[in-house]
S.K.: 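The structure is given below, and queries will be raised subsequently.
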Protein chains: 2
Amino acid sequence: MRAEQTDTKKQILDAAEALFAREGYQGTSMRAITGSAGVNVAAANYHFGSKEALLEAVFERRLKPLNEARLRRLKEIRDEARRTGRRPDIRGVLRAFIEPAFELRERGGAEFSALAGRAFTDPDGTVQRIFLRLMRPISQSMMELLALALPEVPKETVFWRYQFVIGALARTTRIYGNPRFEAMRPAPEGDIKLVTGLLIDFAETGMMGKSPEGADA
Amino acid sequence: MRAEQTDTKKQILDAAEALFAREGYQGTSMRAITGSAGVNVAAANYHFGSKEALLEAVFERRLKPLNEARLRRLKEIRDEARRTGRRPDIRGVLRAFIEPAFELRERGGAEFSALAGRAFTDPDGTVQRIFLRLMRPISQSMMELLALALPEVPKETVFWRYQFVIGALARTTRIYGNPRFEAMRPAPEGDIKLVTGLLIDFAETGMMGKSPEGADA
DNA sequence: CGTCTTTTCAAACAATTGTTTAAAACATAT
DNA sequence: ATATGTTTTAAACAATTGTTTGAAAAGACG
């Protein structure tokens with residue numbers, strides 16, 4: 001049968017996504033996944049082959065379209081910059097990187113958003129390998145465009161500022177909507193659009209460098 | 001005997017610290033720790049009681065003095081602000097938070113620095129509980145001083161900007177000196193002081209808000 | 001020396017891990 | 001209906017997990 005097959009696969013994927021996001025890759029057992037999905041343990045290995053391959057499938061399902069959206073927007077910016085002969089717009093570059101991560105939440109990917117946020121710092125070799133492979137094109141394009149947008153800033157500085165942005169984004173996707181951090185918040189959970197805007201503003205000002213009182217150090 | 005006991009304990013602590021930092025809490029087995037320390041498996045449970053308590057000891061050893069240093073500096077800033085009746089200096093507040101994390105590296109805490117950086121996003125409940133307990137006073141003091149320094153900025157905005165700084169710091173401590181990221185860097189590993197300065201600049205400009213082209217949104 | 005406490009160690013504990021097996025259940029096509 | 005291929009399942013696999021045991025070793029102290 002066909003419909004049932006994909007149904008089982010999808011249920012395993014959904015359960016794995018949620019559990020990987022909440023408990024981490026190493027903290028999630030195959031039995032926890034299949035139990036939550038309501039299927040037999042062997043079904044996961046039958047459909048995906050291994051826990052590692054299952055993680056890869058979880059990442060590919062969401063991160064591939066997400067990064068394709070990012071690359072599309074980055075390509076537009078690069079083409080426009082080449083066409084007009086002007087520098088790429090920093091804010092546009094940062095928005096191309098940040099906004100798709102939050103738009104994912106509105107498309108049923110809320111769990112995955114937290115998972116991706118944590119994948120940046122996951123110590124597990126498998127997670128790093130899979131995640132880095134999917135992120136490398138983005139990082140390359142980001143570094144290239146940011147360097148073009150900030151020609152007077154040393155490449156190493158641009159690199160680190162980009163890492164700071166990644167860190168801020170990763171933390172945001174991790175704690176937004178996480179009940180564990182509810183107590184820390186000064187106000188009830190704000191709109192996701194508001195937080196996205198705050199992050200983009202933060203990233204833009206930080207990326208452009210010290211501007212209020214003086215020139216670059 | 002006394003000297004030998006602390007020697008074994010210290011060796012276990014060091015090994016645990018390095019392995020927790022590199023492989024994560026769940027990714028590190030007691031046998032890996034004791035094997036790396038050159039002691040028997042049972043020694044760890046004898047001296048610390050459990051894996052959880054060992055993790056707690058690892059955190060306490062470094063994070064307690066680190067956070068005490070942070071609190072001391074934050075208290076100074078608060079006292080000075082009260083005495084002079086002026087707002088706390090944003091850069092001073094951020095430096096009090098960021099600099100001790102890097103000074104730790106120069107005192108044999110290089111491994112721990114990465115561990116603390118990752119603890120912010122560790123999904124394991126044990127890690128979160130231990131880490132949050134040690135960080136709470138810092139976060140409270142930081143939020144209070146940042147709010148005082150930016151009275152015109154909504155508290156929720158201050159909260160998120162502070163989270164962005166935490167994310168940037170966590171990522172930096174995680175990847176600085178990490179050979180896994182060597183290939184991504186445009187230049188050979190820069191001075192730690194340089195990176196610290198870049199992060200503080202980034203945090204300060206981001207924390208103060210959009211300044212280059214206009215007023216607050 | 002002998003006695004008492006602290007520390008170390010090999011071995012075993014039950015529980016859980018990811019994965020495999022082989023049979024059953026099901027679907028589809030001839 | 002029979003045959004063929006796909007999917008699901010209970011059960012078992014070996015390996016690893018954190019922790020405990022009980023005896024041996026080491027140290028401290030009279």
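Just so we're on the same page: letters track the sequence lines, and every chain starts at 1. On a predicted model such as this, the values are computed, not experimentally measured, just so you know.
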S.K.: Can you check the Leu54(A) CG to dT17(C) P distance for me, whole Å?
M.R.: 15 Å
S.K.: Report yes if a side-chain nitrogen or oxygen of His47(B) is closer than 4.0 Å to either non-bridging phosphate oxygen (OP1 or OP2) of dT6(C); otherwise report no.
M.R.: no
S.K.: Just to verify, what does Phe59(B) make a ring pair (Phe, Tyr, Trp, His ring centres under 6.0 Å) with, not counting sequence neighbours?
M.R.: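 With neighbours one apart ignored, the set is Phe112(B), Phe131(B).
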S.K.: Ala37(A): which residues meet the side chain to side chain contact (heavy atoms under 4.5 Å, CB included) condition with it, sequence neighbours left out?
M.R.: Gln11(A), Ile12(A), Ala15(A), Val39(A)
S.K.: Could you tell me how far apart Gln26(B) (CD) and dT16(D) (P) are, to the nearest whole angstrom?
M.R.: 19 Å
S.K.: According to a 3.5 Å limit on both distances, what stems of 3 or more consecutive Watson-Crick or G-U pairs are formed with DNA chain C?
M.R.: C:4-30 with D:1-27
S.K.: Rounded to the Å, how far apart are Ile33(B) CD1 and dT16(D) P?
M.R.: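 Atom-to-atom, Ile33(B) to dT16(D), this comes out as 17 Å.
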S.K.: Determine: side-chain N/O of Thr8(B) to OP1/OP2 of dT8(C), distance under 4.0 Å, yes or no.
M.R.: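 The answer is yes; a side-chain N or O of Thr8(B) sits under 4.0 Å from OP1 or OP2.
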S.K.: Who are the side chain to side chain donor-acceptor pair (under 3.5 Å) partners of Lys193(A), not counting sequence neighbours?
M.R.: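 For Lys193(A) the side chain to side chain donor-acceptor pair (under 3.5 Å) partners, ignoring immediate neighbours, are Glu106(A).
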S.K.: Atom CD of Gln11(A) to atom P of dT7(D): distance rounded to whole Å?
M.R.: 15 Å
S.K.: Per the side chain to side chain donor-acceptor pair (under 3.5 Å) rule, what does the pair list look like for residues 164-174 of chain B, sequence neighbours excluded?
M.R.: Gln163(A)-Arg171(B)
S.K.: Looking at residues at least two apart in the chain, or sitting in another chain, which of them share a side chain to side chain contact (heavy atoms under 4.5 Å, CB included) with Tyr46(B)?
M.R.: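 So Tyr46(B) forms no side chain to side chain contact (heavy atoms under 4.5 Å, CB included) with any residue.
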S.K.: Can you list every pair that meets salt bridge (Lys or Arg N to Asp or Glu O under 4.0 Å) and has a residue in residues 24-34 of chain A, with sequence neighbours left out?
M.R.: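 Salt bridge (Lys or Arg N to Asp or Glu O under 4.0 Å) check on residues 24-34 of chain A returns no pairs.
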S.K.: Please list, chain by chain and in numerical order, all residues satisfying side chain to side chain contact (heavy atoms under 4.5 Å, CB included) with Glu99(A), sequence neighbours excluded.
M.R.: Arg73(A), Arg95(A), Glu103(A), Thr196(A), Ile200(A)
S.K.: Tell me yes or no: between the side chains of Tyr176(B) and Ser113(B), is some donor less than 3.5 Å from an acceptor?
M.R.: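 Tyr176(B) vs Ser113(B): no donor-acceptor pair found between side chains.
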S.K.: Can you tell me how far the NZ atom of Lys51(B) sits from the CG atom of Asn45(B), to the nearest 0.5 Å?
M.R.: 11.0 Å
S.K.: Output every pair passing salt bridge (Lys or Arg N to Asp or Glu O under 4.0 Å) with a member in residues 123-140 of chain A, not counting sequence neighbours, ordered by first then second residue.
M.R.: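 Only Glu52(A)-Arg129(A), Glu56(A)-Arg133(A), Glu60(A)-Arg133(A) qualify under salt bridge (Lys or Arg N to Asp or Glu O under 4.0 Å).
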S.K.: May I ask you to list the residues of residues 13-24 of chain B, by number, that have any heavy atom positioned under 4.0 Å from an atom of DNA chain C?
M.R.: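 When residues 13-24 of chain B is checked for heavy atoms under 4.0 Å from DNA chain C, there are no hits whatsoever.
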S.K.: Quick check on dT16(D): is either OP1 or OP2 less than 4.0 Å from any side-chain nitrogen or oxygen of Ser29(B)?
M.R.: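 False: Ser29(B) side-chain N/O out of range (4.0 Å or more) of dT16(D) OP1/OP2.
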S.K.: Mind checking Thr34(B) for me? I need base, sugar-phosphate or nothing, with any heavy atom below 4.0 Å counting as a touch.
M.R.: nothing
S.K.: Write down the protein N/O and nucleotide N/O pairs, taken from nucleotides 19-21 of chain C, whose separation is under 3.5 Å; answer none if there are no such pairs.
M.R.:
| from | atom 1 | to | atom 2 | distance (Å) |
| --- | --- | --- | --- | --- |
| dT19(C) | OP2 | Asn45(A) | OD1 | 3.4 |
| dT19(C) | OP2 | Lys51(A) | N | 2.8 |
| dT19(C) | O4 | Arg31(A) | NH2 | 3.3 |

S.K.: Go through the structure and list residues passing side chain to side chain contact (heavy atoms under 4.5 Å, CB included) with Arg22(B), not counting sequence neighbours.
M.R.: Ala18(B), Glu111(B)
